[in-house]
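FYI, the numbering just counts along the sequence from 1. As the structure is a computational prediction, the values presented were derived from the model and not from experiment.
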Amino acid sequence: MSEWEEFCESRGFSIGEEDYDKAIDSLEGRSSQRTLREPAPCDLSQEEVSVLLARDSHGVPTKADVELMVWTGQSADYLSGTLDGVLPGADDSLVVRFRDDSSESFASLDMVIEDLRVTSLPLQSECQLLIWDAKAHCVASWQGLVRESFIAQRTDSFPSTQAAQNLLHLLDRAKGADHALKPLLIAASEVERAKAGLIVEFLEGSSLSLETLHESFLVYVTSKGVPVSVSLGAIEHFVQELHTRNGSYKFINGAVRTVNGPARLTAGAIHLAKSSNRYATYYLRAEHGTIYQPVFRKIPDSDINEHDPSSVFVTDGSHPLELNGTHSPDRFVTNLLYFERYENKLEL
């Protein structure tokens, strides 16, 4: 008897093809894991999930408590990460738990995503607000309902070239710089015009792809007044975030996600409506300008109807790119399109 045959016999496996994978798994210590892993208890239909997801127009569940979970193979743990950018069918371990006074049930996240897509309503859970991003065809999420902050900017990789290290240093400084002094994000074709002080296009975040970003430049003015341009390249290898004068962005699952996306703008509209607009401040986002001008500038409320509603941002007094700082609570931002949708509908 060969050593392989002896091994299979000692483990209770046959030497045929039907038990080959099991035998290999046992050598790698995986057999017990597969034996113990159970499928998530998701036995609800799409119709039943839609009923349990009944909520008001602001996304507050009315039929059951809704909790985002991760199925471990034996039980469900609370989800700590963001769902921003998640695609349908991306992860079968993501589940949603519904609980009321008498029962508990689970459904796959895909069924919840389908409801978000069909209804176009937000969903407020305990840890984040979800809404369907129709433009990017994925989930948009905002965790500011708990507390959103950019803690870990860098990835585990470190750039090997001096040019890439200089870029990383610039991005570190840009994170804490005044918004008007952050580097400006522009297309490669605009670099020379920008450095000459001419008017250029301010790239808009919701249309950015990684390919577009790799070909873009940051332009800024040094303390000596000298305009400088820096190629971005594949910066997602070194950082998880990008802070520019145009906007703040995160790199998630191979895509660029603007922080001021549908979920954050929805959450901001709901919050600002709740505050009865007492602290509403308006900012206009410019489409063009020079490297010496801000992208966002404050405007009086008497001027807001003169501009495209999607370009007028409404905040709680802060700059539209402001997140919660060390001495401030969560900051909220929306634009007039979202603001007008929710301002007379809030009942949280």
Side-chain angles (χ1 to χ4, degrees), residues 68 70 78-87 90-91 93-94 127-131 133 135-136 138-179 181-186 203-218 220 230-265 267-268 295 319-326 328 330-331 333:
L68 306 175
V70 177
Y78 287 101
L79 176 70
S80 58
T82 178
L83 291 179
D84 194 48
V86 166
L87 299 169
D91 190 342
S93 70
L94 297 175
C127 59
Q128 51 193 301
L129 180 143
L130 307 178
I131 197 166
D133 186 339
K135 187 172 185 177
C138 64
V139 174
S141 171
W142 173 245
Q143 287 185 289
L145 295 174
V146 178
R147 187 168 178 84
E148 175 80 5
S149 60
F150 287 166
I151 299 174
Q153 180 182 355
R154 299 187 180 189
T155 67
D156 293 334
S157 302
F158 191 78
S160 56
T161 66
Q162 186 61 51
Q165 291 177 28
N166 292 342
L167 173 60
L168 186 61
H169 180 61
L170 170 64
L171 297 178
D172 278 341
R173 288 189 288 113
K175 182 178 179 180
D178 181 83
H179 296 291
L181 300 177
K182 292 182 187 294
L184 188 65
L185 181 64
I186 62 172
L203 289 179
E204 206 280 313
S206 63
S207 62
L208 285 177
S209 65
L210 276 181
E211 292 73 19
T212 302
L213 203 65
H214 292 168
E215 298 172 357
S216 301
F217 280 72
L218 291 177
Y220 64 99
V230 180
S231 173
L232 283 176
I235 62 166
E236 75 276 9
H237 294 167
F238 312 118
V239 297
Q240 297 170 327
E241 313 148 12
L242 174 63
H243 300 268
T244 73
R245 206 182 312 171
N246 312 50
S248 299
Y249 311 99
K250 296 183 286 188
F251 302 110
I252 300 175
N253 298 325
V256 184
R257 299 291 294 168
T258 179
V259 172
N260 284 347
R264 190 186 186 198
L265 297 180
V295 174
H319 188 279
L321 301 184
E322 184 72 29
L323 291 173
N324 45 303
T326 54
S328 68
D330 295 324
R331 310 315 301 255
V333 60

S.K.: Val230: what forms a side-chain contact (heavy atoms from CB on, under 4.5 Å) with it, not counting sequence neighbours?
M.R.: Leu167, Leu170, Tyr220, Val228

S.K.: Looking at Arg245 and Lys182, would you say the former's side chain and the latter's main chain have a donor-acceptor pair under 3.5 Å?
M.R.: yes

S.K.: So if I apply the side chain to side chain contact (heavy atoms under 4.5 Å, CB included) rule between Leu218 and each of Ile235, Leu184, Thr244, Ile186, which one comes out positive?
M.R.: Thr244

S.K.: Nearest heavy-atom pair of Trp142 and Ala263: which atoms, and what distance?
M.R.: N-CB, 3.5 Å

S.K.: Treating Asn260 as the side-chain partner and Ser248 as the backbone partner, does any N or O pair qualify as donor plus acceptor under 3.5 Å?
M.R.: no

S.K.: Within this structure, what is the CG-CG distance for the pair Asn246 and Leu185, rounded to the nearest 0.5 Å?
M.R.: 4.5 Å

S.K.: Say you draw a straight line from CZ of Arg264 to CZ of Arg257; how long is it, rounded to the nearest 0.5 Å?
M.R.: 14.0 Å

S.K.: Supply the atom-to-atom distance Tyr249 OH to Leu242 CG, rounded to the nearest 0.5 angstrom.
M.R.: 7.5 Å

S.K.: Considering residues at least two apart in sequence or located in another chain, which fulfil the side-chain contact (heavy atoms from CB on, under 4.5 Å) criterion with Thr212?
M.R.: Leu208, Ser209, Ser216

S.K.: Is the closest side-chain heavy-atom distance between Phe251 and Val239 below 4.5 Å?
M.R.: yes

S.K.: Could you walk me through whether Leu130 and Leu68 pass the side chain to side chain contact (heavy atoms under 4.5 Å, CB included) check?
M.R.: CA-CA 11 Å; Leu130 307 178; Leu68 306 175; 4.1 Å; yes

S.K.: Donor-acceptor pair, Asp133 side chain versus Val139 backbone, under 3.5 Å?
M.R.: no

S.K.: Quick one: side-chain contact (heavy atoms from CB on, under 4.5 Å) partners of Asp91, sequence neighbours excluded?
M.R.: Ser93, Leu94

S.K.: Distance check, rounded to the nearest 0.5 Å: Thr258 atom OG1 versus Asp84 atom CG?
M.R.: 9.5 Å

S.K.: Measure the CG-CD distance between Leu213 and Glu236 for me, rounded to the nearest 0.5 Å.
M.R.: 7.5 Å

S.K.: Got a donor-acceptor contact below 3.5 angstrom from the Gln128 side chain to the Leu83 backbone?
M.R.: yes

